[in-house]
Amino acid sequence: MTVILDGKKLRDKIFEELKAKVDEMPVKPSLAVILAGDDPSSKIYVNNKKKCAEKLGINSVVITYPSTVTENELLEKIKELNDDKHITAILVQLPLPVHIDKFKIIDAIAPEKDVDGLTPYNSGKLFSGEKPYVYPCTPKGILLLLDEYGIEIEGRHAVVIGRSNLVGKPVAQMLLDRNATVTMCHSKTKNLPDITKTADILISAVGKKVVGENMLKNNCVVIDVGIFRDENGKISGDVDFETVSKSASYISPVPGGVGPMTIASLMLNTVELAIIE
Ligand code: NAP
């Protein structure tokens, strides 16, 4: 029988524990989110993050800019937030408008306030085997979900499709740190199905329908990170759920799998950053 990895249920459990923790904090965590441009999905995500923070008693402020914002304006705002002792966590919502160098912007965030763990300091710590201030939200959420369902990682072959700094690379490193044998695939990978068929755990973070029937071995664990609108405007993931779920042992749905876990991790990270010395 295939088990659906229920990200909403785990998110709600994490929120309940976090709310109790935040209630006891004399000084509440404060999350600042920078939203630049008018990407409709980004607006929805940021709104959702603000609502979740408020539900947990976390202060949250969203700073919005038009798509014409300059790099200097963003850098100045980040400096101000870095210096503001009331702000404990900073998130820059991606993607940024195309004329902005996202690396320059992310690099400007103080590592101890970098709630998505994306600065060179925190990713450097992650990739050198040291502990970053916090782990990137989506990869952290994926590992929490695997652990919640008691899915073994050590010694298993994990195949990761997608090599972004946000998801693919950090999740591969975190699986490696948990003693998985990891293979990474991307748009230039040849014979993708030959590789995915050897996976015990498959993680797809692409944003296109890339995982279909006959691409996996029986009882594979399937984590679908992708979220996009298909040709009918319906929210979809990278995996053809109908066919793949028939042979998977565990599978995360879209929506309701990794998405809620990303928000749960963001809230966990916000609280963690507020209590570091
Ligand atoms: P990204 O930066 O666009 O990276 C996509 C990756 O997919 C790239 O490494 C690309 O390869 C690879 N790729 C593209 N076409 C491919 C193909 N045909 N076969 C194999 N690999 C292919 O994306 P991202 O930021 O990691 O996000 C990926 C997806 O996850 C998106 O749908 C995004 O919306 C979603 N996402 C969801 C959450 C969540 O909370 N659920 C969080 C973050 C992202 P190259 O490197 O060779 O170009």
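Order of listing sets the numbers, starting from 1, for every ligand and every atom in it. When reading the values below, keep in mind they use all heavy atoms of this one structure, side chains included, and skip hydrogens, waters and symmetry mates.
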Can you tell whether the side chains of [X] and [Y] come within less than 4.0 Å, N to carboxylate O?
X: K51; Y: E54; result: no
X: K19; Y: D23; result: yes
X: E148; Y: K9; result: no

Over all atoms of both residues, closest heavy-atom pair of [X] and [Y]:
X: P29; Y: A274; result: CB-CB, 3.7 Å
X: V210; Y: M215; result: O-CE, 3.2 Å
X: L56; Y: F15; result: CD2-O, 3.4 Å

To which protein heavy atom is [atom] closest, and what is the distance rounded to 0.1 Å?
atom: atom 20 (C) of ligand 1; answer: H186 O, 3.3 Å
atom: atom 4 (O) of ligand 1; answer: S164 CB, 3.9 Å
atom: atom 3 (O) of ligand 1; answer: V206 O, 4.4 Å
atom: atom 31 (C) of ligand 1; answer: G207 CA, 3.8 Å
atom: atom 18 (N) of ligand 1; answer: V210 CG1, 3.8 Å
atom: atom 34 (O) of ligand 1; answer: I227 O, 3.3 Å
atom: atom 37 (C) of ligand 1; answer: V225 O, 3.1 Å
atom: atom 10 (C) of ligand 1; answer: S187 N, 4.2 Å

## Note on the structure
So for V254 against ligand 1, with non-hydrogen atoms under 4.0 Å, the contacting part is neither
### Message
Tell me the contacting part of M261 for ligand 1: side chain, backbone, both, or neither, using a 4.0 Å heavy-atom threshold, strictly below.
### Response
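Under 4.0 Å from ligand 1, M261 contributes no heavy atoms.
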Answer yes or no for [X]: is there a heavy-atom contact with ligand 1 below 4.0 Å?
X: A205; value: yes
X: T189; value: no
X: C185; value: no

Less than 3.5 Å between some nitrogen or oxygen of [X] and one of ligand 1, yes or no?
X: V167; answer: no
X: T262; answer: yes
X: R163; answer: yes
X: D238; answer: no

#### Entry: Euclidean distance, M174 CE relative to I153 CD1, rounded to 0.5 Å
9.0 Å
### Message
Any non-hydrogen side-chain atom of V92 less than 4.5 Å from a side-chain atom of I78?
### Response
yes
### Task
Please check if a non-hydrogen protein atom sits closer than 4.0 Å to atom 27 (O) of ligand 1.
no
### Query
Donor-acceptor pair, N82 side chain versus A110 backbone, under 3.5 Å?
yes
### Query
Applying ring-ring contact (aromatic ring centres under 6.0 Å, His included), which residue pairs with at least one partner in residues 100-132 are found, sequence neighbours left out?
Y121-Y133
### Task
List in chain and number order the residues that pass side-chain hydrogen bond (donor to acceptor under 3.5 Å, both in side chains) with E213, two or more places apart in sequence or in another chain; answer none if no residue qualifies.
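Per chain and number, E213 pairs via side-chain hydrogen bond (donor to acceptor under 3.5 Å, both in side chains) with no residue.
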